[in-house]
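Throughout, numbering of the chain's residues begins at 1 and tracks the sequence. Every heavy atom of this structure was used, including side-chain atoms; hydrogens, water molecules and symmetry mates were not. All of these numbers come straight from a predicted model, not from anything done at the bench.
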Amino acid sequence: MHILVMGGGVVGVTAAWQLLKDGHKVTLVERHAGVAEDTSWGNAGMVAPGHSFTWSSPSAPFTLLKSLFARNQALRFTPSLDPRLWTWSLKFLAQCTKSKSEYNTVRKHRLATYSQAVLRETLAEVPIAFDRIDRGILYFYRQAARLETGIAHMRILADDGQKIEVLDRAGVLALEPSLAAVGDRIAGGIYCPTDETGSCAAFTREMAKLCRGSGAEFRLGERIEAIEASGDEVTGVRTNRGTIKADAYVMALGNESPRLARRIGVDLPIYPIKGYSLTIPIGEQPHPPTIGSVDEENLVAISRFGSHMRVTATAEFAGYDTSHKPSDFAFMSKVARELYPQGARYDEAEMWAGLRPMTPSNLPIIGRRKHRNLWYDTGHGHIGWTMSHGSARILADLIAGRKPALPIDEITA
């Protein structure tokens, strides 16, 4: 078939690749001048099944409430007049019970684990350079009591097959010597040796080149204005350059998906959750991070991308606003400087804020809804880089009429 993929982030591009492998003719349309210029650009860069815990957890309601008064919280709620913020937030809170949080975490972990396996298959077929470090990710704690809580919490994933190693202080510093400056303030950590890091944007750009080399058409700088439908069939996608017609359509538009879907009578439970990141050159600094790590008590993630360090933090319920100011990055910058005082040239940090397309359960939306030839691959939230490859394979299987490796109703919102 001729399939039109809407969206040029990592989700859309990986979907295009899997569809090309099935022999389809693929056209991809993206509003930006290049791929991976939105959410896929500034994320933490972690392919981390070991970090599959849902944000909709029993502790989330109190954290969101506290954020109204203390703005340095990992989850922040910024009230607005947008009614969808309130309706989505209520759905999010409904998923915050212990039983639902654990159930959704296991579902998310299974998709993430499968997705990482698909990524590794892809890299075995077509080697791609994206500053990959596949030596695991360290999740460390400053207080012994918090470490014990973290170990107990991690059993949810360990029982589902996640490989973990519990490290004491000496073990943490042996794994990541660059943390020596704060060694006396670290109680220990949890090491997930199969997790990995790499630049999502670099991967997506290289994958796009491979797609073009396999015959895909990329229509960049083209903005989608509407989806045209008749009955249960999509008949075309109207852009600022005309109407594109295909046999089937894939919506991989992240945060824009619910806006377009509403116009054709489909309500997608996706809302943008704002995140912040710093990209910092390492320069001549002698002790940059050597593997990915997460300061679990401050919820600041740090990854190494070749000659740069990426620092990410915060999930803010703030609508479609991507504005930011230097004070928004003060806390994460302070944490990074403390952890790696000789790790990067902090005064040259590039500030970025972007939107994660979240569902209340934190699981993506994959498959059809109202129209027989419109497929969704969207709503991947804060680990879209991790889940994109498996989602793409499952999407291709569904379109081809094959049975996916994972039951679709168990891994989607």
Side-chain angles (χ1 to χ4, degrees), residues 10-11 14-15 17-18 43-44 46-58 60 92 95-124 134 136-137 139 150-165 190-198 200 252 254 269-270 292 294 356-368 375-400 402-413:
V10 66
V11 173
T14 52
W17 175 252
Q18 293 294 333
N43 59 29
M46 294 183 170
V47 177
H51 208 53
S52 295
F53 296 100
T54 63
W55 286 356
S56 43
S57 68
F92 176 88
Q95 296 292 323
C96 289
T97 65
K98 183 176 185 294
S99 60
K100 287 182 179 179
S101 177
E102 291 182 358
Y103 176 61
N104 290 333
T105 290
V106 171
R107 296 163 71 199
K108 191 174 173 184
H109 181 252
R110 289 175 184 171
L111 176 56
T113 301
Y114 172 66
S115 186
Q116 185 182 36
V118 175
L119 168 62
R120 290 175 174 175
E121 286 180 18
T122 300
L123 295 176
D134 60 352
I137 294 177
Y139 305 92
I151 293 169
H153 194 41
M154 185 62 82
R155 290 196 185 108
I156 299 171
L157 302 185
D159 289 345
D160 197 50
Q162 179 67 40
K163 186 176 181 181
I164 70 168
E165 298 175 17
I190 299 169
Y191 173 51
C192 292
T194 56
D195 285 358
E196 54 189 286
T197 60
C200 177
I270 296 171
V294 179
R356 310 172 179 99
M358 298 288 292
T359 65
S361 66
N362 291 194
L363 291 159
I365 296 168
I366 309 171
R368 290 183 291 194
W375 304 80
Y376 296 89
D377 188 11
T378 188
H380 289 73
H382 71 107
I383 60 168
W385 174 207
T386 299
M387 296 192 292
S388 58
H389 321 281
S391 298
R393 175 72 59 81
I394 289 168
L395 174 79
D397 287 340
L398 292 172
I399 291 175
R402 296 187 297 262
K403 182 180 179 180
L406 299 174
I408 189 68
D409 58 340
E410 292 184 11
I411 46 91
T412 60

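At distances below 3.5 Å, at least one donor-acceptor pair connects side-chain atoms of Ser115 with backbone N or O atoms of Gly390. Between the side chain of Thr386 and the main chain of Ala48, a donor-acceptor pair closer than 3.5 Å is present. Listed for the Arg107 side chain is a donor-acceptor partner under 3.5 Å among the backbone atoms of Glu410.
Taking 4.5 Å as the limit, every side-chain heavy atom of Tyr114 sits out of range of all side-chain heavy atoms of Ile411. Taking 4.5 Å as the limit, some side-chain heavy atom of Met358 sits within range of a side-chain heavy atom of Trp55. Looking only at side-chain heavy atoms (C-beta outward), Pro364 and Met387 come within less than 4.5 Å of each other. The side-chain heavy atoms of Tyr191 and Ile164, taken from C-beta on, include no pair separated by under 4.5 Å. With a 4.5 Å cut-off on side-chain heavy atoms, Lys100 and Ser56 do not count as touching. Considering only heavy atoms from C-beta on, Val11 stays 4.5 Å or farther from Thr378 through its side chain. A heavy-atom distance below 4.5 Å is found between the side chains of Lys108 and Ile383. In this structure, the side chains of Thr122 and Gln18 come closer than 4.5 Å at one or more pairs of heavy atoms.
Atoms OH and CD1, from Tyr376 and Ile270 in turn, are 9.5 Å apart once rounded to the nearest 0.5 Å. Gln162 contributes atom CD, which lies 6.0 Å from atom CG of Leu157 (distance to the nearest 0.5 angstrom). In this structure, OH in Tyr103 is found 16.0 Å from NZ in Lys98, a value given to the nearest 0.5 Å.
The nearest pair of heavy atoms linking Gly367 to Leu398 is CA-CD1, 4.1 Å. Annotation for Gly254 and Pro357: closest pair C-CB, 3.6 Å, computed over non-hydrogen atoms. For the residue pair Ser391 and His380, the shortest heavy atom distance occurs at OG-NE2, 3.0 Å. Summarising the geometry of Pro49 relative to Asp195, their closest heavy-atom pair is CD-OD1, 3.3 Å, with the distance given to 0.1 Å. In terms of heavy-atom proximity, Leu395 sits nearest to Ala15 at CD2-CB, 3.9 Å. Here the closest non-hydrogen pair linking Ile394 and Pro404 is CG2-CB, 4.1 Å.
A salt bridge links Arg110 and Asp160; the closest N-O separation between the charged side-chain nitrogens and carboxylate oxygens is under 4.0 Å. Salt-bridge formation is not detected for the pair Glu102/Arg155: no Lys NZ or Arg NE/NH1/NH2 atom is positioned less than 4.0 Å from an Asp or Glu carboxylate oxygen.
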Take His389 and Gln116 through the side chain to side chain donor-acceptor pair (under 3.5 Å) test and state the conclusion after the steps. CA-CA 7 Å; His389 321 281; Gln116 185 182 36; over 6 Å; no

Could you go step by step and tell me if Leu119 and Val47 meet the side-chain contact (heavy atoms from CB on, under 4.5 Å) rule? CA-CA 9 Å; Leu119 168 62; Val47 177; 4.1 Å; yes

Check step by step if side-chain contact (heavy atoms from CB on, under 4.5 Å) holds for Asn362 and Asn104. CA-CA 8 Å; Asn362 291 194; Asn104 290 333; over 6 Å; no

Can Trp385 and Met46 be said to form a side-chain contact (heavy atoms from CB on, under 4.5 Å), step by step? CA-CA 7 Å; Trp385 174 207; Met46 294 183 170; 5.7 Å; no

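Aromatic ring pairs are classed by plane angle as parallel below 30°, tilted from 30° to 60° and perpendicular above 60°; the pair Tyr139 and His51 is parallel.
For the 3.5 Å distance criterion, the side chains of Ser101 and Ser57 fail to qualify, holding no donor opposite an acceptor.
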